[in-house]
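These numbers come from the heavy atoms of this one structure, side chains and all, not from hydrogens, waters or symmetry mates. All figures in this text were calculated on a predicted structure; none of them were measured in a lab.
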Amino acid sequence: MKDCTVKITFPKKVLKGAGLKKTSFLPSWIYNIKISIKNNSEYFKICSFNSTFANGITYLNNLSVNGPDYDIINFLKFVEPNLKVGNDNLIVFANNFKLSPLSENIITFDIAINNNYTSSSIENSGAKISHKTTLNINTYLLNDGNIYSDNISTEAMDYLIEVNSDTDKLKINEKSKIYINCKAGQYDSIRKVYLKCSLDSGFDYLTGTTNIEPKNLYLSNNRTILKWFFDIVNQGECKKIGFKVMSKSKYKDESTVKIGDNLINSINSNGVNNSTYTQCPDTCRQGFFIV
């Protein structure tokens, strides 16, 4: 086992948005990043770490350290794009801090994605960051001459969909509610939006249980298909759809639904960015285990 390790936790997809105050009507899509630093040894360790964020990611405060070595917060430095330094990236580092034996310290702070890249150290001034652009976050931890790293990526989104439910475990003939969120970024409205949900054939859709009735409802390849259409999802808006399903004892091909089966619902959506006239597709999946 490595003496010291570092791990980053951050969503795989994030909406662009930075600068407007967060309100109940117009969220600015601020996200919290978590950097976990562990000392797996039985001895105190002196470490340094450096995290470099992709061009376009901005720091929005709310810094905290949770763990036995809270004084790490006094070592943390944030270098934001500025003409004096001449950098276009957010850089976070801390040098020569002490980790307690068998400890874990979690550093958290808020970040967001600008609409444009940083150019010549002027934030949000360059070319537009397009939908589904990959942004990398590279973190290195140094201890006793050894380097440990955790390098992750996220996608900058103009529009995205998310799905969740009351539970991810169901008994046969049990009901659950599914929630789908359609979200637009802070900078662009998304027009001519369609949303398609393809239910596993082990589910029945319960009509009359949704807050917004689907425009189309039909069977295709033994799966129930639900479709919704929206004229527009405005900047910072979240359209919410909820409906109930019930797990069945048999699939539509008459085979038996068994304990341990995983029922998969597939969801996809698309729309047109009202500023760039480009497509903004997104997909997600949701699984239910039969218990």
Less than 4.5 Å apart, any side-chain heavy atom of [X] and any of [Y]?
X: Asn124; Y: Tyr187; value: yes
X: Glu42; Y: Leu102; value: yes
X: Trp228; Y: Val193; value: no
X: Ile267; Y: Leu195; value: yes
X: Ile111; Y: Phe53; value: yes

Can Lys98 be said to sit on top of Phe44's aromatic six-ring, NZ or CZ under 6.0 Å from centre and within 45° of the ring axis?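 Checked: cation-pi criterion met.
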Are there over 12 heavy-atom neighbours, none belonging to Phe229, within less than 6.0 Å of that residue's CZ?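 It does: Phe229 CZ has more than 12 such atoms within range.
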More than 12 non-hydrogen atoms from neighbouring residues, nucleotides or ligands closer than 6.0 Å to CD1 on Ile259, yes or no?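 No, not enclosed.
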Determine, for Asp158 against Lys16, whether the closest basic-nitrogen to carboxylate-oxygen distance falls under 4.0 angstrom.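 Yes, charged N to carboxylate O under 4.0 Å.
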Lys45 with Asp144: basic N within carboxylate O range, under 4.0 Å: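 So Lys45 pairs with Asp144 through a salt bridge.
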Is the Tyr205 to Phe243 ring centre distance short of 6.0 Å?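 Here the rings of Phe243 and Tyr205 have centres that are less than 6.0 Å from each other.
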Are Phe75 and Phe93 an aromatic pair, judged by ring center distance below 6.0 Å?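 No, they do not, as the ring centres are separated by 6.0 Å or more.
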Intermediate values then yes/no, side chain to side chain donor-acceptor pair (under 3.5 Å), Tyr159 and Ser269: CA-CA 9 Å; Tyr159 169 73; Ser269 186; 2.7 Å; yes
So, for Gln235 and Asp188, which heavy atoms are closest and what is the spacing to 0.1 Å?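 The answer is CG-C, 3.6 Å.
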Residues 176-184 side chain polar contacts: donor-acceptor under 3.5 Å, at least two apart:
from   : atom 1 : to     : atom 2 : distance (Å)
Tyr179 : OH     : Asp166 : OD1    : 2.9
Lys183 : NZ     : Glu162 : OE1    : 2.8

Please report, to 0.1 Å, the donor-acceptor pairs under 3.5 Å made by any side chain of residues 206-219, with sequence neighbours excluded.
from   : atom 1 : to     : atom 2 : distance (Å)
Thr209 : OG1    : Leu206 : O      : 2.6
Thr209 : OG1    : Lys244 : N      : 2.9
Thr210 : OG1    : Ile212 : N      : 3.2
Thr210 : OG1    : Ile212 : O      : 2.9
Thr210 : OG1    : Gly242 : O      : 2.9
Asn211 : OD1    : Gly242 : N      : 2.8
Asn211 : ND2    : Lys240 : O      : 2.9

Partner set under salt bridge (Lys or Arg N to Asp or Glu O under 4.0 Å) for Glu155, not counting sequence neighbours: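 Partners of Glu155 by the salt bridge (Lys or Arg N to Asp or Glu O under 4.0 Å) criterion, ordered by chain and then number, come out as Lys132.
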